[in-house]
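Only one structure is covered here, and it is reproduced in the block below.
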Amino acid sequence: MAEPQLDATHDPAARCWVAGADGHPNFPVQNLPLGVFEPLGASPPEPRGGVAIGDQVLDLPGVAHLLHGAAREAAEIAVAPCLNPLVALGHGVMRELRRQLFELLTDPAHKPAVAPSLHPANACALHLPFAIGDYTDFYAGIHHAENIGRQFRPDNPLLPNYKYVPIGYHGRASSIRLSGVEVIRPCGQTKPPDAAAPSFGPSRKLDYELEMGLWIGHGNALGTPIPITDADAHLAGLSLLNDWSARDIQAWEYQPLGPFLAKNFHTSVSPWVVTMEALAPFRVAQPPRPAGDPTPLPYLSDAAEQTAGAFDVTMEVLLLTPAMRAAGQPPHRLSRGSMAAMYWTAAQLVAHHASNGCNLMPGDLLGTGTISGATADSLGSLMEITGNGSRPLTLPSGETRGFLEDGDELILTGWAERAGFARIGFGECRARIAPAVSLSA
Ligand code: CA
């Protein structure tokens with residue numbers, strides 16, 4: 001893979017003339033994440049590409065006339081209600097767009113021309129950043145895989161394929177929603193171990209999964225695998241992803257074909273796509289494989305890729321119950337961990353996905369799988385934190401939770417920081433649980 005490119009757009013000393021952008025915890029000028037927005041009340045509604053800067057959204061097509069060359073064409077393409085055609089242009093164009101936007105936002109001479117294209121974020125509606133054709137969910141968080149496997153197979157938590165194959169399955173794109181859209185508790189078949197037969201009703205083991213979403217930029221033709229050395233170039237950027245999971249439905253349905261209705265009722269993503277360009281300073285070496293683990297097969301092996309294949313992104317999960325909300329209490333942190341706790345890199349997931357000739361398309365979404373750390377305070381699901389509900393956790397409010405209850409709100413956050421660089425963040429991926437909708441009228 002190409003060495004992550006650092007340039008003037010990563011300069012921590014750069015100053016932006018947009019009020020509140022410098023030192024913004026998520027969106028300083030060194031970030032410039034992409035999304036789809038429309039100003040509230042606009043008639044007719046015209047969702048289009050935008051860039052988060054501080055607490056404002058910059059209208060990309062609105063500033064196209066201030067850009068030149070490939071960056072101008074890219075900003076003009078962002079008039080589409082999704083970012084698919086924009087990211088399909090590839091990293092060369094994305095880098096040039098970033099460079100010119102950075103210039104517009106840091107040189108005060110551009111303020112009079114740019115300011116009319118800035119909208120307060122709280123006066124904008126945000127939309128899914130992509131028209132998502134396909135969604136794949138992997139299982140690359142090895143601590144999660146071990147924790148879950150141990151609940152089923154205490155002596156042999158990982159199946160023999162895990163350290164050879166980046167395990168994944170095809171998810172459902174139609175039920176992916178933006179952060180903020182409530183999650184309706186799913187109904188389904190469940191069968192407690194002591195029951196003779198299953199019954200149908202609301203899930204009683206509704207859980208979240210802390211994941212990172214990988215957005216595909218330019219794709220590959222059917223039948224044409226993506227070499228591991230080129231895999232990074234097919235990634236446009238990252239968003240937070242919550243793979244909502246009904247553990248009781250999952251336990252009864254998942255064998256022999258894997259997840260189905262336990263997973264496809266809803267998936268949440270954060271609205272802003274933090275680009276690979278913005279993440280360049282936060283690339284770190286993939287953690288070494290434990291001694292005795294197999295070397296990845298050649299199509300997944302690239303020594304250069306391994307030196308900067310992981311992302312040093314801190315990820316947090318917070319819970320806010322209705323009682324806490326009513327009492328004015330802040331959300332309670334359930335876990336904090338690093339995205340680097342993955343057995344496979346993002347590039348390896350991409351290369352594996354396309355290794356049989358499967359074609360990835362611009363705007364396809366790949367979930368990393370639940371990212372849990374090695375410690376008890378960095379577990380990425382309630383299934384792990386509470387031992388499948390057997391050890392309910394006690395919240396500061398005095399309430400207990402084995403799994404999520406109606407009205408609970410789950411919040412994922414993420415950010416990257418490193419000495420010598422400006423901190424950048426992902427914003428939030430949050431959603432509240434709504435009661436199940438019964439089939440009977
Ligand atoms: Ca998952």
Side-chain angles (χ1 to χ4, degrees), residues 134-172 207 209-214 216 220 223 225-229 231-232 234-235 241 243 245 247 249-264 286-303 305-306 309-310 337 339-360 364-374 379-381 383-384 388:
D134 275 300
Y135 162 46
T136 298
D137 197 25
F138 282 97
Y139 200 47
I142 186 166
H143 302 297
H144 171 75
E146 286 175 335
N147 292 337
I148 296 296
R150 199 171 289 118
Q151 296 192 18
F152 297 105
R153 300 173 299 276
D155 299 328
N156 184 28
L158 288 183
L159 292 171
N161 57 4
Y162 188 85
K163 292 184 172 179
Y164 291 93
V165 181
I167 302 294
Y169 71 97
H170 285 298
R172 179 126 191 119
D207 200 357
E209 290 194 333
L210 171 66
E211 302 197 19
M212 192 60 85
L214 317 174
I216 297 296
N220 61 304
I226 297 173
I228 181 69
T229 50
D232 234 41
H234 290 264
L235 285 167
L241 186 152
D243 178 26
S245 299
R247 302 301 182 191
I249 298 173
Q250 186 178 358
W252 173 234
E253 76 169 5
Y254 88 106
Q255 288 180 315
L257 284 186
F260 184 41
L261 301 182
K263 300 277 191 173
N264 71 3
Q286 172 71 353
R289 294 189 154 209
D293 279 14
T295 302
L297 294 175
Y299 79 99
L300 294 172
S301 291
D302 175 21
E305 188 271 328
Q306 292 285 298
M339 186 191 165
M342 286 165 48
Y343 195 72
W344 302 99
T345 65
Q348 285 174 318
L349 301 183
V350 169
H352 180 67
H353 203 314
S355 63
N356 65 344
C358 174
N359 55 320
L360 301 178
D364 279 1
L365 177 61
L366 314 185
T368 54
T370 308
I371 300 175
S372 292
L379 300 174
S381 68
M383 175 94 169
E384 293 163 87
N388 195 17

May I ask you to test the [X]-[Y] pair for a side-chain heavy-atom distance under 4.5 Å?
X      : Y      : value
Thr345 : Glu305 : yes
Met383 : Gln151 : yes
Asn147 : Ser381 : no
Ile228 : Gln348 : yes
Ile216 : Val350 : yes

Quick one: pull up [atom1] in [X] and [atom2] in [Y] and give me the separation to the nearest 0.5 Å.
X      : Y      : atom1 : atom2 : answer
Tyr343 : Arg289 : OH    : CZ    : 3.5 Å
Leu214 : Leu360 : CG    : CG    : 11.0 Å
Leu365 : Tyr135 : CG    : OH    : 6.5 Å
Ile142 : Leu158 : CD1   : CG    : 5.5 Å
His353 : Asn359 : NE2   : CG    : 9.5 Å
Ile167 : Phe138 : CD1   : CZ    : 9.5 Å

| task | May I ask you to check whether Glu384 and Ser372 show a side-chain donor-acceptor distance below 3.5 Å? | result | yes
Using every non-hydrogen atom in the two residues, find where [X] and [Y] come nearest and quote the distance to one decimal.
X      : Y      : result
Ser301 : Thr295 : OG-CG2, 4.3 Å
Trp344 : Tyr164 : CH2-O, 3.5 Å
Gly380 : Thr370 : O-CG2, 3.4 Å
Gln250 : Arg247 : OE1-NH1, 3.0 Å
Ala347 : Ala231 : O-CB, 3.3 Å
Ala346 : Leu235 : CB-CD1, 3.7 Å

| query | Could you walk me through whether His352 and Tyr299 pass the side chain to side chain contact (heavy atoms under 4.5 Å, CB included) check? | reply | CA-CA 8 Å; His352 180 67; Tyr299 79 99; 2.8 Å; yes
Does [Y] offer a backbone N or O that forms a donor-acceptor pair with the side chain of [X] under 3.5 Å?
X      : Y      : value
Glu211 : Gly141 : no
Arg150 : Pro154 : no
Thr136 : Asp134 : no
Glu253 : Leu261 : yes
Thr368 : Met212 : yes
Asn220 : Cys358 : yes

| query | Using 30° and 60° as the class limits, which term best fits the ring planes of His144 and Tyr139: parallel, tilted or perpendicular? | reply |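 The arrangement is perpendicular - the two ring planes meet at more than 60°.
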| task | Count the heavy atoms of every other residue, nucleotide or ligand shown that sit under 6.0 Å from OH of Tyr169, and state whether that count exceeds 12. | result | yes
